[in-house]
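Encoded as structure tokens, the structure appears first; notes follow it.
Letters A, B, ... are given to chains in the order of the sequence lines, protein chains preceding strands, and every chain is numbered from 1. Because the structure is predicted, anything quoted here is derived from the model rather than measured.
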Amino acid sequence: MTPLRRLRPLLKDLVTQKTQIRHVTYMPRPGDGAPRAVTLIPGDGIGPLVTNAVEQVMQVMHAPVYFEKYEVHGDMKRVPEEVIDSIRKNKVCLKGGLKTPVGGGVSSLNVQLRKELDLYASLVHCCNLPGLPTRHENVDIVVIRENTEGEYSGLEHEVVPGVVESLKVITKFCSERVAKYAFEYAYLNNRKKVTAVHKANIMKLADGLFLESCREVATKYPSIKYNEIIVDNCCMQLVSKPEQFDVMVTPNLYGNLVANTAAGIAGGTGVMPGGNVGADTAVFEQGASAGNVGNEKIVEQNKANPIALLLSSAMLLRHLQFPSFADRLETSVKRVIFEGKYRTKDLGGGDCTTQEIVNAVIANLD
Amino acid sequence: MATRFLRRASKILSSTNPNPSSPLALGRAFSVASAPIRATLFPGDGIGPEIAESVKTIFREAEVPIEWEEHYVGDQIDPRTQSFLTWESLESVRQNKVGLKGPMATPIGKGHRSLNLTLRKELNLYANVRPCYSLPGYKTRYDDVNLITIRENTEGEYSGLEHQVVRGVVESLKIITRQASLRVAEYAFHYAKTHGRERVSAIHKANIMQKTDGLFLKCCREVAEKYPEITYEEVVIDNCCMMLVKNPALFDVLVMPNLYGDIISDLCAGLIGGLGLTPSCNIGEGGIALAEANLANPTALLLSAVTMLRHLELYDKADRIQDAILNTIAEGKYRTADLGGTATTTDFTKAICDHL
């Protein structure tokens, strides 16, 4: 091998791992470094494990955040008032999953929280992590999903015994504001295309209204390309040619499916960050499948995957305008994944515990 | 245990081939195998008529005893059916009990009934069965797909009941009934039993839509109790989507309400190479089976025609034609545009006839 060829992998190492590219300096206002309060809801199942992971890493980084912990569990009737007040005061929250009983009488607390705080857009960022082998390359999709209405309105009733109706409600108001958020996100993050996902050939009025709102907002952003795709075709394209998608905006139910599919092709729901945002507050949680609290075996053996929540907390730090802490955390997590030594089972790794991964992330911090 | 594994393995190698000695799901008796069977044919639009010719040619070459009755979509709305399909077409399917349909597109947001929906409602086609197998001749990122999706086809979110409450607020009704859910669950378990499948998974979102999907699940559980030899499980749809794209070998038979079924069955089609390679069959009450192709492509219609032959219990003819198709695709010399090739329909048809 020629000397240059031998040097190439070393150069690659140098670029990806050791040097940190200096961005334009973030000039803060005096006093921006004061620690911010963040409400923390550990949740059920693997929730306490992964939120503890975030706490540890934040402490080591001396990040200017401190956590106000509140215990909420999935079998409670409602989210306690004090928790809602705390989130309203702090404007930011980090949460683990809340277990929803299947088919029972209690409505999902995750959904309740979103409606109370009017967190109308849910965002999941699905992208390939370097070093994590997946079947699909070049995946970089952000799914923005309407979070308050649609099929999740919770309006069901039994007409006669054996016949049940469920109402799917679509309003112009909600569709418009989520479309506006999607285009604004694309604009602020230098994204080139927004795709609306729908089923308007069958649900003509409901999804037709959603599409109308998206089209109106699209005219105000002429530099961003806009197109529409039917949800079944969308899923098919996601598994065969995911590189064609950039930002996707969807109503509630399709958003759930598309986000989980996109997360699956990019590496699994254990590594995708995301959160919910409203006009006044933002709640960060595991990106897709946030209601998934894992099973008892994982909890007992402490083998939960903290990567998703760690990346979501990096998003939280950026949201609070602490970009360098966010960058440090993200780089460290990406290094751990790239190295491949510390990975939980769902990423194809061995029997790694949560604590081992946290230690690896802390060791890799600049 | 070992025999079951071998049976599964041989099934994967030779695609669908239900045990010839057990009665097929809808028990049709035929007196003489050589008496011509009448079947309805809807060529569909676009290049539909061209590929329907292709099917007829291949069947003639293989000496399949089928007599086709062709029906076309009109350009006027027939008041008896409220859509472009005529009453005569529907009566023909009701009489013949078996049919083959090419793709018929629905215009977006026009205000009349979708053509496919009309067929489903009028003929009471309550289950859509889509077997998804990785084809040995066509490589995708997924090699080990071997599952069947069975989707409730008449109600759910596609009931078409929408209205505008006030300006800017629209409601759409999702209806789940015990009768329809029981019907599709029965068919799913029956199919699993007659085709030697071991597991049936019900896909739902009952943690959010507690009463509607809860009712669907209750019906599935009731039917599951009658088939103790088949494993039954329930999977939430988000987990299902994720597991399907990560490891599709985890699933066997999937039974779902209408909307999830639509999305999941198209997702599974995407896993093996697109709608052009997945046959599908609609089962109706009274023993009606309508095989359909979802894409205007010769392979789709041909594979659906093969499914139709299996339903008619003409297994050896079905195997012959299926092997010919798979060999032609595996060879790679004559592939139509959506498989990445440049051959015309006539070339493709001729290649398959040569392989027979």
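- Annotation: B:Lys246, atom NZ; neighbour count of heavy atoms from other residues, nucleotides and ligands within 6.0 Å is above 12.
- If you tally non-hydrogen atom pairs under 4.5 Å between each of A:Ile265, A:Val258, A:Leu257 and chain B, the highest count goes to A:Leu257.
- Salt-bridge formation is not detected for the pair B:Arg178/A:Glu158: no Lys NZ or Arg NE/NH1/NH2 atom is positioned less than 4.0 Å from an Asp or Glu carboxylate oxygen.
- A:Leu209 touches chain B through its side chain: at least one heavy atom from C-beta onward sits under 4.5 Å away, while N, CA, C and O do not.
- By number of non-hydrogen pairs under 4.5 angstrom with chain B, the leading residue of A:Arg135, A:Met236, A:Lys172 is A:Arg135.
- B:Val170 is not listed as a side-chain neighbour of B:Val165, based on a closest heavy-atom distance of 4.5 Å or more.
- For a residue to count as touching a neighbouring chain, one of its non-hydrogen atoms must lie under 4.5 Å from one of that chain's; by this rule A:Val111 touches chain B with the side chain only.
- By the 30° and 60° cut-offs, the orientation of the rings of A:His136 relative to B:Tyr142 is tilted.
- B:Tyr260 touches chain A through its side chain: at least one heavy atom from C-beta onward sits under 4.5 Å away, while N, CA, C and O do not.
- Using a 4.5 Å cut-off between heavy atoms, A:Leu253 contacts chain B through its side chain alone, with no backbone atom that close.
- Using a 4.0 Å cut-off between charged side-chain N and carboxylate O, B:Glu157 and A:Lys199 make no salt bridge.
- The residue among B:Cys241, B:Ser172, B:Gly270 with the most heavy atom pairs within less than 4.5 Å of chain A is B:Ser172.
- Side chain to side chain, B:Ser134 and B:Asp143 fail the donor-acceptor criterion of an N or O pair below 3.5 Å.
- Listed options A:Leu238, A:Val164, A:Asn260, A:Val163 were ranked by heavy-atom pairs under 4.5 angstrom with chain B; first place goes to A:Val164.
- Between B:Arg130 and B:Glu292 there is no salt bridge, since none of the side-chain N atoms of the basic residue sits less than 4.0 Å from a carboxylate O of the acidic one.
- When heavy atoms are compared at a cutoff of 4.5 Å, B:Gln164 approaches chain A solely by way of its backbone atoms N, CA, C and O.
- For B:Leu267, the parts lying near chain A are the backbone and the side chain together; criterion is any non-hydrogen pair under 4.5 Å.
- A:Lys168 has no carboxylate O lying under 4.0 Å from a charged side-chain N of A:Glu149, or vice versa, which leaves the two without a salt bridge.
- Interface remark: B:Leu259 contributes side-chain atoms only to the contact with chain A (heavy atom separation under 4.5 Å).
- In terms of heavy-atom pairs under 4.5 angstrom with chain B, the leader among A:Thr171, A:Val169, A:Asp232, A:Val159 is A:Asp232.
- Neither the backbone nor the side chain of B:Thr140 comes within less than 4.5 Å of any heavy atom of chain A.
- Interface summary for chain A: among B:Ile175, B:Ile176, B:Asn239, B:Leu182, the most heavy-atom pairs under 4.5 angstrom belong to B:Ile176.
- A salt bridge is defined here as a Lys NZ or Arg NE, NH1 or NH2 lying under 4.0 Å from an Asp or Glu carboxylate O, and B:Lys211 with A:Glu156 fails to meet this definition.
- No side-chain donor from either of A:His198 and A:Glu228 sits under 3.5 Å from a side-chain acceptor of the other.
- Contacts of B:Lys205 with chain A are made by side-chain atoms alone, with heavy-atom separations under 4.5 Å and no backbone atom involved.
- For a residue to count as touching a neighbouring chain, one of its non-hydrogen atoms must lie under 4.5 Å from one of that chain's; by this rule B:Asn247 touches chain A with the backbone only.
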